[in-house]
Novice: 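The structure is given below, and queries will be raised subsequently.
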Amino acid sequence: MRCSCPDCRMPTAGPDASEGITNTGVAAHIAAASPAGARYDEAMTSTERSEIKNGIWLCQTHAKLIDDDEHTYTVAVLEDWKAVAESIARLEARGFEVRRARPFRELEKKIPKLIAEMRDDIRKHELTREFIVLRNRRIGYNPGTTPFFTYFIEDHNEVMSAVKIMIHYGAIYDAAFNQVPRYNFNEDFVEYLLATAPAPCGDGSADFDSTAQ
């Protein structure tokens with residue numbers, strides 16, 4: 001009872017105000033039931049078109065989207081969505097939690113120098129999760145007893161832009177305190193840093209070079 005689109009997975013059923021059930025899901029056709037429909041396959045029989053094999057469960061938004069843009073949402077794409085959704089449902093029914101992997105290697109390609117320094121810091125101090133950003137090394141800051149890393153604007157080009165991108169990727173989250181830019185690492189990102197070697201990134205001499213934009 002979730003949308004089969006892997007980027008959506010929106011629940012499509014729940015209770016209503018009268019102790020009944022509301023269902024916003026759509027049993028959509030992969031290949032259309034009529035010649036005017038999206039992805040119609042004239043080689044299919046009418047029985048094949050009505051079989052569950054030719055159906056996919058979607059939220060109303062994606063049910064409309066796949067028919068409005070059949071060139072993007074081909075039969076192959078929808079069959080892959082369905083196969084993945086059914087595999088996830090089988091695992092969830094057995095008590096597993098299935099999450100989409102974070103694209104941290106793609107993030108590292110954007111800001112290799114900063115992430116390389118973060119990886120080195122985390123490997124030396126595996127229990128530290130906070131970091132702050134200061135303009136230069138001449139600025140002193142004492143936040144108390146919580147350990148933290150420090151990254152300097154003078155060392156990393158456009159470091160605050162890099163931080164925003166890392167937030168968008170789910171690698172870190174804002175933990176601002178005392179008007180000092182302060183952030184925490186998410187555990188998924190820490191595990192990535194500890195488990196992986198640096199991504200290929202040329203000579204790694206600077207972040208945000210003009211060719212990477």
Side-chain angles (χ1 to χ4, degrees), residues 2-3 5-11 14 59 84-85 87-213:
R2 290 181 178 272
C3 178
C5 172
D7 293 318
C8 179
R9 301 293 295 154
M10 180 69 69
C59 67
V84 170
S87 295
I88 291 173
R90 279 192 290 270
L91 289 169
E92 289 177 336
R94 295 173 59 187
F96 291 93
E97 179 182 355
V98 182
R99 295 179 297 165
R100 191 165 191 144
R102 299 283 191 182
F104 293 139
R105 188 160 288 273
E106 292 301 313
L107 172 63
E108 188 162 8
K109 291 178 182 178
K110 297 178 183 291
I111 45 177
K113 184 181 175 184
L114 177 59
I115 291 182
E117 186 173 341
M118 290 176 168
R119 175 180 282 107
D120 187 55
D121 287 339
I122 285 288
R123 286 179 172 174
K124 292 176 181 175
H125 306 279
E126 293 189 10
L127 298 182
T128 299
R129 293 294 180 269
E130 295 188 1
F131 72 90
I132 63 172
V133 177
L134 298 180
R135 182 166 297 280
N136 56 57
R137 297 179 184 276
R138 295 183 297 275
I139 299 175
Y141 178 69
N142 182 8
T145 59
T146 302
F148 64 95
F149 305 122
T150 306
Y151 303 108
F152 299 98
I153 293 175
E154 65 180 359
D155 293 339
H156 298 281
N157 296 334
E158 302 184 44
V159 66
M160 296 311 298
S161 295
V163 163
K164 287 184 180 180
I165 293 172
M166 293 180 73
I167 291 174
H168 295 162
Y169 271 75
I172 64 174
Y173 60 92
D174 195 336
F177 181 71
N178 287 345
Q179 298 183 331
V180 173
R182 174 184 285 268
Y183 306 90
N184 281 350
F185 292 101
N186 278 320
E187 287 304 308
D188 286 351
F189 186 55
V190 171
E191 292 176 9
Y192 168 81
L193 293 176
L194 293 174
T196 60
C201 55
D203 63 7
S205 59
D207 295 335
F208 293 105
D209 65 39
S210 60
T211 60
Q213 291 292 321

Novice: Quick check: do H125 and P147 have side-chain heavy atoms less than 4.5 Å from each other?
Specialist: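 They are not in side-chain contact.
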Novice: In the structure I gave you, are the side-chain heavy atoms of M118 and F185 within less than 4.5 Å of one another anywhere?
Specialist: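 Sidechains of F185 and M118: in contact.
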Novice: Might you point out which heavy atoms bring L114 and H156 nearest each other, and give the distance in Å?
Specialist: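 For L114 and H156, the tightest heavy-atom pair comes out as CA-CE1, 3.6 Å.
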Novice: With D174, which residues qualify under salt bridge (charged side-chain N to carboxylate O under 4.0 Å, His left out), at least two apart?
Specialist: none
Novice: Say you draw a straight line from CD of E97 to CD1 of I88; how long is it, rounded to the nearest 0.5 Å?
Specialist: 11.5 Å
Novice: Using atom types as modelled and distance alone, determine if a side-chain donor or acceptor of R2 lies under 3.5 Å from a backbone N or O of M10.
Specialist: no
Novice: Can you tell me how far the CG atom of L107 sits from the OH atom of Y192, to the nearest 0.5 Å?
Specialist: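 It comes to 8.0 Å.
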Novice: Go through the structure and list residues passing ring pair (Phe, Tyr, Trp, His ring centres under 6.0 Å) with F189, not counting sequence neighbours.
Specialist: F104
Novice: I'd like to know if the side chain of R119 and the backbone of L193 have a donor-acceptor N/O pair within less than 3.5 Å.
Specialist: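 Checked: pair present.
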Novice: With salt bridge (charged side-chain N to carboxylate O under 4.0 Å, His left out) as the criterion, how do E106 and K109 come out once you've worked through the C-alpha distance, each side chain's angles and the decisive distance to 0.1 Å?
Specialist: CA-CA 5 Å; E106 292 301 313; K109 291 178 182 178; 3.3 Å; yes
Novice: Can you say whether the rings of Y151 and F131 are parallel (under 30°), tilted (30 to 60°) or perpendicular (over 60°)?
Specialist: perpendicular
Novice: Are any side-chain N or O atoms of N186 and backbone N or O atoms of G170, one a donor and one an acceptor, separated by less than 3.5 Å?
Specialist: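 A pair under 3.5 Å: yes.
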Novice: Identify the heavy atoms of C59 and C8 that sit nearest to each other, and give their distance.
Specialist: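 Minimum heavy-atom separation between C59 and C8: SG-SG, 3.9 Å.
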Novice: When rounded to the nearest 0.5 angstrom, what distance separates CD in E130 from OG1 in T150?
Specialist: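 Reported to 0.5 Å precision, the distance equals 11.0 Å.
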Novice: Can you measure from CE (M166) to CD1 (I172) and round to the nearest 0.5 angstrom?
Specialist: 4.5 Å
Novice: Answer whether the closest heavy-atom distance between the side chains of E117 and F149 falls below 4.5 Å.
Specialist: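 No, their side chains stay 4.5 Å or more apart.
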Novice: Any side-chain heavy-atom pair from D121 and T128 closer than 4.5 angstrom?
Specialist: no
Novice: Rounded at 0.5 Å granularity, tell me how far CZ in R129 sits from OG1 in T146.
Specialist: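 Between R129 CZ and T146 OG1, I get 13.5 Å after rounding to 0.5 Å.
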